Amino acid sequence: MRLEHVGRVAHLIQEHQADLSNFLTQDGRGRNLMPFLDKLGQSLVEDRQEVVSLLDDVGRYTEHIGDIVKVQQNYARIPRVHEQVSLPGLLEDALRINFAGLVRHQVKVQRDIAPLPPVMTDKHKMLMILVNLVSNAKYAMDEVAPDERLLTVRLAQVGGRVRISVHDNGMGIAPEMLTRIFQYGFTTREEGHGFGLHSSAIAAQEMDGSLTVHSDGPGRGATFTLELPYVPVALSA
């Protein structure tokens with residue numbers, strides 16, 4: 001903020017207190033003083049607005065950090081193999097955990113989430129899979145213009161199955177890569193380790209489900225689909 005200019009202006013006015021009227025009308029520096037004060041005032045208002053905006057951001061991010069900590073604490077408790085889970089809530093948890101990265105990468109999120117009743121499943125494995133899919137989708141859009149990055153998350157019941165899909169409009173996957181993408185150690189990112197999708201596919205199988213991928217090719221995005229048995233709480237009792 002240009003606060004030092006306020007002191008300089010005050011010093012000039014003090015110096016010419018005795019002949020202030022003459023200074024403001026006849027002296028070159030004095031004639032420029034009023035237009036300068038007007039611009040300085042506008043600049044300070046803009047600076048204040050920017051600070052207020054930044055503080056608002058800090059407040060929102062602090063709230064999200066608190067939410068993430070609560071989510072992680074909930075999932076860090078001793079897991080039960082199968083428990084009552086709200087799938088829409090679980091998807092929101094996965095997005096919340098990835099919130100900072102999605103904001104940093106300027107990814108817009110579109111939801112198409114059916115309001116399904118609670119089901120019995122292993123929420124810890126499901127969360128691991130969903131967090132990994134959202135994170136991968138975010139990185140897949142690095143080469144897309146920031147204002148075009150779109151992540152679409154869908155949840156639906158299809159017969160006796162639950163289908164969750166995570167779609168990005170990013171780099172896409174070449175046909176020859178589709179059969180290898182779930183292999184241990186396979187990655188397309190330099191800093192990638194190659195066990196996220198592999199672990200996710202195994203976790204899906206352990207829940208009697210499947211994790212598949214579809215892409216129309218490089219530059220045409222990709223869709224990862226998690227399918228699991230649909231076991232409503234009422235039917236499992």
Side-chain angles (χ1 to χ4, degrees), residues 64-102 107 109-140 151-168 170 173 178 181-184 186-187 192-215 221-237:
H64 283 293
I65 289 170
D67 288 342
I68 290 170
V69 170
K70 289 177 184 176
V71 169
Q72 291 176 333
Q73 286 174 337
N74 287 337
Y75 289 107
R77 295 170 185 163
I78 299 174
R80 291 170 289 175
V81 176
H82 283 85
E83 56 191 292
Q84 183 173 322
V85 176
S86 165
L87 294 180
L90 199 70
L91 273 168
E92 292 298 334
D93 285 346
L95 291 170
R96 192 177 296 117
I97 289 172
N98 277 288
F99 173 80
L102 292 170
V107 175
V109 178
Q110 179 174 295
R111 296 166 172 82
D112 182 9
I113 299 176
L116 299 181
V119 299
M120 297 299 292
T121 190
D122 186 329
K123 70 177 182 181
H124 304 276
K125 288 180 181 177
M126 282 202 68
L127 185 71
M128 179 199 74
I129 296 171
L130 295 174
V131 168
N132 189 54
L133 294 182
V134 172
S135 177
N136 285 352
K138 168 191 67 183
Y139 287 114
L151 172 69
T152 304
V153 180
R154 293 187 173 92
L155 166 65
Q157 179 189 351
V158 182
R161 311 280 283 179
V162 170
R163 180 178 295 166
I164 300 173
S165 66
V166 177
H167 173 77
D168 67 77
I173 305 170
L178 290 174
I181 199 162
F182 294 112
Q183 292 178 3
Y184 179 81
F186 179 82
T187 180
H193 41 63
F195 60 75
L197 286 176
H198 175 75
S199 300
S200 296
I202 291 176
Q205 291 175 358
E206 290 174 345
M207 293 186 288
D208 297 322
S210 63
L211 180 61
T212 58
V213 61
H214 172 80
S215 175
T223 302
F224 285 83
T225 302
L226 172 65
E227 284 198 7
L228 297 168
Y230 178 60
V231 185
V233 173
L235 295 182
S236 66

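Note that this is a predicted model, so its numbers are computed, not measured.
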Handout entry: Residues which pass side chain to side chain contact (heavy atoms under 4.5 Å, CB included) with Pro117, listed by chain and number, not counting sequence neighbours
Key = Tyr230
Completion exercise
Sequence neighbours excluded, the answer for side chain to side chain contact (heavy atoms under 4.5 Å, CB included) partners of Val166 is Leu133, Ala137, Leu151
Fill in the blank from the handout: CG of Asp93 to CG of Leu87, rounded to nearest 0.5 Å, is 11.5 Å
Problem - Closest approach of Ser200 to Ile129 (non-hydrogen atoms, all atoms of both residues) - result: O-CD1, 3.6 Å
Practice task
For residues 200-212, pull every pair meeting salt bridge (Lys or Arg N to Asp or Glu O under 4.0 Å), keeping only residues two or more places apart or in separate chains.
Solution key: Lys125-Glu206
Problem - Side-chain heavy atoms of Arg111 within contact of Leu91, under 4.5 Å - result: no
Practice task
Mind checking the CZ-OG1 spacing from Phe182 to Thr212? Nearest 0.5 Å is all I need.
Solution key: 6.5 Å
Practice task
To the nearest 0.5 angstrom, please state how far the CG atom of Leu155 sits from the CG atom of Leu226.
Solution key: 10.0 Å
Handout entry: Any side-chain heavy-atom pair of Thr121 and Met207 under 4.5 Å
Key = yes
Handout entry: Contacts of Ala222 that satisfy side chain to side chain contact (heavy atoms under 4.5 Å, CB included) - sequence neighbours left out
Key = Asp168, Ile173, Ser215, Phe224
Exercise for the section: Name all residues meeting the salt bridge (charged side-chain N to carboxylate O under 4.0 Å, His left out) criterion together with Glu227; count only those two or more places apart in sequence or in a different chain, and write none if there are none. Expected result: Arg161, Arg163
Problem - Nearest atoms (heavy-atom pairs only) where Ala156 meets Ala114 - result: CA-CB, 4.3 Å
Completion exercise
Separation between CG (Leu127) and CG (Asp122), nearest 0.5 Å, reads 10.5 Å
Completion exercise
Residues at least two apart in sequence or cross-chain that pass side-chain hydrogen bond (donor to acceptor under 3.5 Å, both in side chains) with Thr223, listed by chain then number, are His167
Practice task
Could you check if a side-chain atom of Gln183 sits within less than 4.5 angstrom of a side-chain atom of His198, using non-hydrogen atoms only?
Solution key: no
Practice task
Could you list the residues that satisfy salt bridge (charged side-chain N to carboxylate O under 4.0 Å, His left out) with Asp112, not counting sequence neighbours?
Solution key: Arg154
Problem - Those residues that, when tested against Lys138, pass salt bridge (charged side-chain N to carboxylate O under 4.0 Å, His left out) (two or more places apart) - result: none
Exercise for the section: Please examine the side chains of Val153 and Leu130, heavy atoms only from C-beta on, and report whether any two atoms are closer than 4.5 Å. Expected result: no
Problem - Shortest non-hydrogen contact from Val131 toward Asn98 - result: O-ND2, 3.3 Å
